[in-house]
Amino acid sequence: MSTIDRWGDQSVMNKFTVIHLSDVQLPSLPKTGEPPTPRPLQTIFDDVLAHHLAPDLVVIGGDLFKNGQPADYRWLRGYLDQQSQRLGAPIRVILGDQDNREAFNAGYLEQKRPYYAAKQVYQNMDFYFLDSKWRTRRTAGWLAREQLDWLNKNLHLAPRRRAFIFLHHPLDAPALRSLRYTLLQNNHELLAILHGHNIGGIYAGHLNFAANYLVDNTLPVTVVGGATAYVDCQDPHHHQVHAAVSYNVITIQRGVASVTTRPLAFDPQVARTIEVANTGFAKHRPRLMRPVDWERG
């Protein structure tokens, strides 16, 4: 159903709404009994419905489980299919550093893939969902050469269409200098590919707090707050974690995106503290991987 059919108003014909959330960090399913309702994920979906946000797309930006098993991801796929029907919009997921790629492939995709990157066309816009999970157990992100080549090829195939990029790990920025150990490590390679293309925005998660900034002088980056936590990183070596729930609403009209944040819950009590030693970029870069055949999913 088109936007004009839903709203009956020519003035919003080109309006496109994306619900963006990240860092769900669901617990593994119990070995016996029924799976519990996945709150606060359910809280977010219920809020979207209660406020009649009528999304055209929902993106869950990684850290679906804490090292989940195939059965966890298989259950999640069924649950998200149900929520997609409720919301009347497709739900896309990407992987975060805490996800188990092999378990995701087996349970969610039911096929083996080296990365889970995809391109989807909506209206006259291209949406790219990138896999920035590093193969090691590092929290930092990395985009392999083969994935960057795939992105570069697809951007050149549709140079006139507005493109929006989703990935788990944010790009570097002066305000995030003390968090470089956990950001995307090969920023320059990604920016070299995006340079000169019709990019409408880059959207990330991972940090568990909201941030907005420009990279390459022109490209807007929006980091969504966590769906289950807020992390206070004012002390670069002692990060305080609070229980919290928030998500973003991205409204795109005529190719221009605006973002609003919907905070739903915040607990002032510090739940735990993350100790950080080295705050700089990772010293060792991964080896280049052999070429792979990409599926556009």
Side-chain angles (χ1 to χ4, degrees), residues 14-18 20 22 56-57 59 61-62 92 94-95 114-134 140-177 179-180 183-207 211-224 248 250-259 281-282 285-286 288-297:
N14 295 320
K15 178 182 175 184
F16 192 89
T17 302
V18 182
H20 184 208
S22 187
D56 298 283
L57 173 67
V59 180
R92 300 301 303 241
I94 55 181
L95 296 184
Y115 290 94
Y116 184 53
K119 171 186 175 182
Q120 192 72 45
V121 180
Y122 295 102
Q123 296 182 4
N124 194 35
M125 300 174 291
D126 287 343
F127 289 80
Y128 291 91
F129 309 97
L130 304 181
D131 185 349
S132 60
K133 175 180 171 59
W134 207 335
W142 184 268
L143 294 171
R145 182 73 259 166
E146 292 80 9
Q147 186 175 178
L148 292 172
D149 290 344
W150 170 84
L151 175 63
N152 187 41
K153 176 183 176 180
N154 278 273
L155 287 171
H156 278 93
L157 288 174
R160 298 177 63 87
R161 283 206 297 265
R162 194 76 154 162
F164 297 89
I165 311 293
F166 288 84
L167 74 167
H168 183 68
H169 292 84
L171 281 69
D172 187 30
L176 304 179
R177 183 159 296 173
L179 294 168
R180 282 178 167 172
L183 301 178
L184 184 70
Q185 300 297 290
N186 54 339
N187 295 271
H188 296 302
E189 288 91 336
L190 175 60
L191 291 176
I193 287 173
L194 300 182
H195 184 75
H197 286 286
N198 189 13
I199 307 300
I202 302 171
Y203 301 92
H206 185 55
L207 299 182
N212 296 277
Y213 52 95
L214 292 178
V215 292
D216 204 25
N217 295 321
T218 58
L219 298 179
V221 177
T222 301
V223 182
V224 65
N248 280 357
I250 306 168
T251 303
I252 306 171
Q253 196 157 17
R254 293 184 173 86
V256 178
S258 58
V259 182
F281 284 122
R285 298 161 67 94
L288 291 177
M289 297 176 61
R290 61 188 178 188
V292 296
D293 293 327
W294 285 93
E295 298 181 36
R296 300 185 186 180

How many angstroms lie between [atom1] in [X] and [atom2] in [Y], if you round to the nearest 0.5 Å?
| X | Y | atom1 | atom2 | answer |
| --- | --- | --- | --- | --- |
| L57 | Q120 | CG | CD | 8.5 Å |
| L171 | N187 | CG | CG | 4.5 Å |
| H206 | L184 | NE2 | CG | 10.0 Å |
| S22 | I94 | OG | CD1 | 6.5 Å |
| L130 | K119 | CG | NZ | 12.5 Å |

Original post:
Are F16 and F127 close enough that their ring centres sit under 6.0 Å apart?
Top reply: yes
Kindly give the heavy-atom pair with the smallest separation between [X] and [Y], and that separation in Å.
| X | Y | result |
| --- | --- | --- |
| G205 | P170 | O-CG, 3.3 Å |
| L143 | D131 | CD2-O, 3.5 Å |
| A140 | W134 | O-CB, 3.7 Å |
| A204 | H20 | O-CE1, 3.4 Å |
| T17 | K15 | OG1-CE, 3.6 Å |
| L191 | D216 | CD2-CB, 4.3 Å |

Between [X] and [Y] (side chain of the first, backbone of the second, donor and acceptor by atom type, cut-off under 3.5 Å), is there such a pair?
| X | Y | answer |
| --- | --- | --- |
| Q147 | Y115 | no |
| N217 | L214 | no |
| N152 | L148 | no |
| Q185 | R180 | yes |
| Y203 | I250 | no |
| H168 | G61 | yes |
| N212 | T222 | no |
| N198 | R160 | yes |

With the side chain counted from C-beta on, respond yes when [X] and [Y] share a heavy-atom pair under 4.5 Å apart, and no when they do not.
| X | Y | value |
| --- | --- | --- |
| L207 | L179 | yes |
| I199 | F164 | no |
| H156 | N154 | no |
| V18 | N248 | no |
| I202 | L194 | yes |

Original post:
Are L176 and L183 close enough, and set up right, to give a side-chain contact (heavy atoms from CB on, under 4.5 Å), and what steps lead you there?
Top reply: CA-CA 9 Å; L176 304 179; L183 301 178; 4.0 Å; yes
**OP:** Look at the rings of F129 and F166 and say which category their plane angle falls in: under 30° parallel, 30 to 60° tilted, over 60° perpendicular.
**Re:** parallel
**OP:** Salt-bridge test for K153 and D149: reply yes if a basic N is under 4.0 Å from a carboxylate O, no otherwise.
**Re:** no
Original post:
So does R162 pair up with D126, basic N to acidic O under 4.0 Å?
Top reply: no
Original post:
Do N124 and R161 have a side chain donor and acceptor closer than 3.5 Å?
Top reply: no
